[in-house]
Number of protein chains: 2
Amino acid sequence: MRKTARRSMAETTPKKKRLVESASRLFHRQGVEKTTLANVADDAQVALGNVYYYFKAKDDLVAAVADKRAGGIEDLIARLDTRHDPHERLQGLVQAWVDDRFLDALYGCPVGSLCFELARARGPLSENAARPFKALLGWCEAQFRQLGAGDDADCQALHLVSALQGVSLTAAVFGDPELIEKEAKFIGHWLRSLQVHEV
Amino acid sequence: MRKTARRSMAETTPKKKRLVESASRLFHRQGVEKTTLANVADDAQVALGNVYYYFKAKDDLVAAVADKRAGGIEDLIARLDTRHDPHERLQGLVQAWVDDRFLDALYGCPVGSLCFELARARGPLSENAARPFKALLGWCEAQFRQLGAGDDADCQALHLVSALQGVSLTAAVFGDPELIEKEAKFIGHWLRSLQVHEV
DNA sequence: GTCTATAGTTTGATAGAC
DNA sequence: GTCTATCAAACTATAGAC
């Protein structure tokens, strides 16, 4: 009757989904280039040759993971949009980074690291690499505009997204999740200063 | 008599140095994992088998490039330290990012991307991955302290380094160097606001 | 020091039985 | 749909002539 989360997933979840989830985790920890299809197949408990039934080539699996990342950002945005005011929504975004700080301080932001790896390669996959960033920047800009930022809203959005991406990278370089907490507090002060300016 | 910069380097520079410089450029553009020793040997115009006379293994070449990156940051800091006041020194740091914006918007910050790739692997090379970041953060903290930041100096240093790293990544994802200019202006305003607060 | 040739693995991808 | 077996290419690294 004892079941670990992984085993129960391995037994119940369809193989295609398991492959994407294993790839998602391994791409985060090792990067796309260092992760082999044998790694993914093994982690998902799928025979190596069977991977090609679900994905014609490695790039198709990478594209599926990239879509999952973009969807994750869009889901996060949708959850934040249930909050009442733009200041709380932006603070919620920062809090999402704090929530993930232990994993991100080991392997970086899963979205940033993957999108960067795909964009730098400048192959066919780099087309959609900017999608999560476009969503995030556009959403942040709308929040800052509602805070009364006016023509500065796009600069503030870029600054916020950059700070979050940058601290994920820095924390990963040091392996220290407290850096994310520290930067989150700093950003929190900044956001609060914009709000009181507004009221 | 006509000589391109590359060819003249290929003919006059010692092979070991050429290998490190080719590796440095290729690691920036493709990442360590995607770059093969054949790529490096070809770019440096050195026979593949000869690479192993200078570097026992690929990791030794990677370590040499990592040292070069750390040295580059330390040189930059040394150049900035010739300036008269901490505000000008910090603005000079931001300007260094603007100067490199065209290359960084294609392939990211060479320091950040390499240090992150090495740190994430959590192998023997990740030991020194934090060295350039440690130098940068320590130096920035000293500048902010001289600006009268007090106990906030370390938070401000982390924020500045994060913003620079983050915007390099974001600009690379979009392939847009103007994002670096935009964020540099925003940071410039922030630094100026700290200075007038001081005076 | 420099080169060619190649060993020994690993990798993405395919073939074909079940 | 799933599996085993395997190919062809690419990679790190070595051997050995010069």
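For the numbers below, each heavy atom of this structure counts, side chains included, while hydrogens, waters and symmetry mates do not. Being a predicted model, the structure only gives us computed values, none of them experimental. Order of the sequence lines fixes the chain letters, A, B, ..., with proteins taken first and strands second; residue numbering starts at 1 for each chain.
- Here the P atom of nucleotide D/dC11 and the NZ atom of A/K34 are 16 Å apart, to the nearest Å.
- Under the 3.5 Å distance criterion, with hydrogens and angles disregarded, a donor-acceptor pair is assigned to the side chains of B/R69 and B/S24.
- The cationic group of B/K134 does not satisfy the cation-pi geometry with A/F174, failing either the under 6.0 Å distance to the six-membered ring centre or the 45° limit from the ring axis.
- The main-chain N or O of B/L106 is found under 3.5 Å from a side-chain atom of A/R122 such that the two form a donor-acceptor pair.
- As a whole-Å value, the separation of A/E33 CD from D/dC11 C1' is 12 Å.
- For the pair A/Y52 OH and D/dT6 C1', the computed distance is 13 Å after rounding to whole Å.
- More than 12 heavy atoms of other residues, nucleotides or ligands sit less than 6.0 Å from atom CD of A/Q95.
- Between A/K185 and A/E181, none of the side-chain N atoms (NZ, or NE/NH1/NH2) sits under 4.0 Å from a carboxylate O, so this pair counts as no salt bridge.
- Within 6.0 Å of the CG atom in B/D151, the count of heavy atoms belonging to other residues, nucleotides or ligands does not exceed 12.
- Residue B/K58 contributes atom NZ, which lies 5 Å from atom P of D/dT12 at whole-angstrom precision.
- Between the CG atom of B/L48 and the C1' atom of D/dT12 there is a distance of 9 Å, given to the nearest Å.
- Think of the region where chain A sits on DNA chain C: with heavy atoms and a 4.0 Å cut, that region ends 5' and 3' at C/dT11 to C/dT14.
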